[in-house]
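This is a predicted model, so every value here is computed, not measured. Quick note: numbers below take in every heavy atom, side chains included, and nothing from hydrogens, waters or symmetry partners. Quick note: residue numbers are just sequence positions, from 1.
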Amino acid sequence: MTTPEHDDPLAELLRRSLAEESKRVEVDGAALQRIRERTARSRARARIPGWLLPSLAAAAAAAVVVVAVVATVELTGGGHATTPVAAQPSAAPRHSTGPTGAPTTAVRPSTPVQSAGGTVIVPPPHPGVYTPGTPTVTMYYVGLPTGITSQPYQLYAEPHSITSASMSPLAAIREFLTSTPIDPDYSRVWPAHLDVRGLLPGADSVTLALTGSASLGPPKCVSCAQYGLAVQALARTAGLAPGMELSVTLNGRKLDSVLGVPLPVKVRPYSSERASIQITSPVYGQSLRGPVTVRGNANVFEGNVTWKLLDANGRQLRKSFTTAAMGMWKRFSIRLGSLAPGTYTIVAYEQSAKDGSVLHADSKQFTVR
C-alpha cells in the first residue's frame, strides 16, 4: 500500500498526531450496533423516513471509526481487535444455545512470523471447534452436499468457539482464515497460510489487510461460481452490510482481484445465497445426551422438509417430514427422543414433487452418550 505525499507541514503534523493517538484509543466494537438500535428507536418516535436512514447510518459509522481511518489496526498473536466495521449484525447468533456436548477446547491460532527473507509465514489452519456455552463467532462457508449435483452453491453458517474475549469482526475474520470448517460438507475455499492484519473502514466500504504466503490469483476451474461465493462468505463472516464494498490488500499490496473476483466487490443480500435448508443444532460431531431434538431453518417448496435418521453404518432408522416455510426462512425442529448410545447422522432435505429427487439438503453427524 502506498503512502501519499504530504506537502502541507501542518497537515502532516496533524496526521502523525492522530496516528499516535489512535494507538492509545480503543474503539468499542459494539458501538455501531448500539447507535443503530438508538437510531431505530428514534425513528419510531420521530417517524424518520426510511430513505433517510442509510445517510444517518453512514454518518454514525463515520463517527465511530474516525480514528481508524488514519491507521489500520494490526493483530499480533491472539490480540483483540479494536476497529469496528460499518456493518449490520450477522443473521446467525454469535452465541449458540444448542445442546450441551462433550468438553472441547478452542484452539488459538499460531502467531504469524516473519522469516529472514521478509516473507510472512502463516501456519496451516487449525481444526475449528465448537463448545456450547463458550464465546463463539459465526463462520459462513460454501456448501455442496455430496451427491446432489443439481444444487447450487449456497452459504451455510457454523459457530466456532474462540479463545479471544473480543467478538469483533477481526476475531471472526481471523478464525475464518486460520481454521477449517467443522462440517466436512462445508468449504472455506480460500487458500491456507493466510491471516488478517487489520481493517480500514469507510462510510460504505472496507479494506481488508491480509498477510501470508498464499496466492490469491485466479483459480484454474471450468465453473468458478464457488469462488465468488467464497468472497461473499468472508464478507458475511466479517458482518459487512449488503451494498458495502470490500477491497483487499495482501502484504501491503492492493489487489485488483481476489480468487478471480474483481475488486472492489459489492456485498450481496444474504437471502440471495443463504442455504435453502440448514441444520443448526446439533453442530457436526457434537456429543449429546438424550432426549435429542434437531433444529434448523428452511425455505423450500410448500415448506415441506423431509428427514431421515441413519445409524453409524448408513442404515436408515427413521424417515418422516416436518414443516418450515416457502418464500421465507422459518425454523423447524425434529424430536428424535431417546436414542441408544452411538453415532448417528440426521439428513434434512427437500424432495422434488416431480420425480422425488433431492433438491437441497444438509446433514449432521452426532454422537449420543
Side-chain angles (χ1 to χ4, degrees), residues 92-108 125-141 143-148 151 156-163 175 179-188 275-298 300 304-324 329-351 358 360-369:
R94 288 299 184 186
H95 294 275
S96 175
T97 56
T100 301
T104 56
T105 303
V107 180
R108 183 186 299 275
H126 64 269
V129 297
Y130 169 70
T131 306
T134 62
T136 64
V137 287
T138 302
M139 306 290 98
Y140 289 87
Y141 293 123
L144 182 62
T146 303
I148 309 177
Q151 177 172 320
Y156 292 77
E158 182 178 85
H160 280 211
S161 296
I162 58 172
T163 56
E175 175 65 16
S179 71
T180 56
I182 300 171
D183 192 323
D185 287 337
Y186 302 162
S187 174
R188 185 184 60 197
S276 299
I277 296 179
Q278 177 164 16
I279 297 172
T280 57
S281 175
V283 173
Y284 185 91
Q286 193 170 348
S287 181
L288 311 173
R289 293 187 183 276
V292 176
T293 298
V294 175
R295 295 181 173 84
N297 49 63
V300 293
N304 291 327
V305 177
T306 304
W307 62 268
K308 57 185 177 181
L309 180 66
L310 311 177
D311 66 11
N313 297 315
R315 291 190 296 261
Q316 181 175 301
L317 301 177
R318 303 183 200 172
K319 180 179 178 180
S320 188
F321 69 94
T322 186
T323 303
W329 279 263
K330 184 180 179 181
R331 295 177 182 176
F332 65 82
S333 61
I334 303 168
R335 299 183 183 277
L336 298 176
S338 297
L339 298 173
T343 299
Y344 299 87
T345 298
I346 182 71
V347 184
Y349 57 97
E350 178 185 6
Q351 195 166 15
V358 176
H360 301 93
D362 193 22
S363 63
K364 291 289 182 286
Q365 185 183 95
F366 63 93
T367 301
V368 175
R369 300 196 299 275

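- With 3.5 Å as the limit, one finds no donor-acceptor pair spanning the side chains of Y284 and D362.
- For the pair Y156 and A361, the tightest heavy-atom approach, listed with the atom from each and the gap, is OH-O, 3.4 Å.
- Of all heavy-atom pairs between P181 and R188, the closest is CG-N, 4.0 Å.
- Among L310, L309, V358, the one residue that satisfies the side chain to side chain contact (heavy atoms under 4.5 Å, CB included) test with V347 is L310.
- Note: I279 CD1 to Y349 OH = 11.5 Å, rounded to the nearest 0.5 Å.
- Checked against ring-ring contact (aromatic ring centres under 6.0 Å, His included), F366 has the following partners two or more places apart in sequence or in another chain: Y344.
- Between E175 and H126, the closest side-chain pair of non-hydrogen atoms falls below 4.5 Å.
- In this structure, E158 CD and M139 CE are separated by 9.0 Å, a value rounded to the nearest 0.5 Å.
- Scanning both residues, Q351 and T306, for their nearest heavy atoms gives OE1-OG1, 3.9 Å.
- In this structure, T280 contributes its side chain and R295 its backbone to a donor-acceptor pair below 3.5 Å.
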Less than 3.5 Å apart, which donor and acceptor atoms pair up between the side chains of residues 311-320 and the rest of the protein, not counting sequence neighbours?
from	atom 1	to	atom 2	distance (Å)
D311	OD1	N313	N	2.9
D311	OD1	G314	N	3.0
D311	OD1	R315	N	2.8
D311	OD2	R315	NE	3.1
D311	OD2	R315	NH2	3.2
R318	NH1	L336	O	3.0
R318	NH2	L336	O	3.3

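- With sequence neighbours excluded, no residue forms a side-chain hydrogen bond (donor to acceptor under 3.5 Å, both in side chains) with T367.
- Shown here are the side-chain contact (heavy atoms from CB on, under 4.5 Å) partners of T323, two or more places apart in sequence or in another chain: there are none.
- Distance check: Q365 CD to I182 CD1 gives 13.0 Å after rounding to the nearest 0.5 Å.
- Not counting sequence neighbours, N304 has no partner by the side-chain hydrogen bond (donor to acceptor under 3.5 Å, both in side chains) test.
- Partners of S187 under the side-chain contact (heavy atoms from CB on, under 4.5 Å) rule, at least two apart in sequence or in another chain, are V189.
- Every residue two or more places apart in sequence or in another chain was checked for a side-chain hydrogen bond (donor to acceptor under 3.5 Å, both in side chains) with R335, and none qualifies.
- Of all heavy-atom pairs spanning P125 and T180, the tightest one is CB-CG2, 3.8 Å.
- The two atoms that bring S363 and D183 nearest to each other are O-OD2, 3.4 Å, heavy atoms only.
- Legend: residues meeting side-chain contact (heavy atoms from CB on, under 4.5 Å) with R331, ordered by chain and number and at least two apart, are absent.
- Taking 4.5 Å as the limit, some side-chain heavy atom of Q286 sits within range of a side-chain heavy atom of P132.
- Shortest non-hydrogen contact noted between Y186 and Y141 is CB-CB, 3.7 Å.
- Taking CH2 of W307 as the start and OG1 of T322 as the end, the distance is 9.0 Å to the nearest 0.5 Å.
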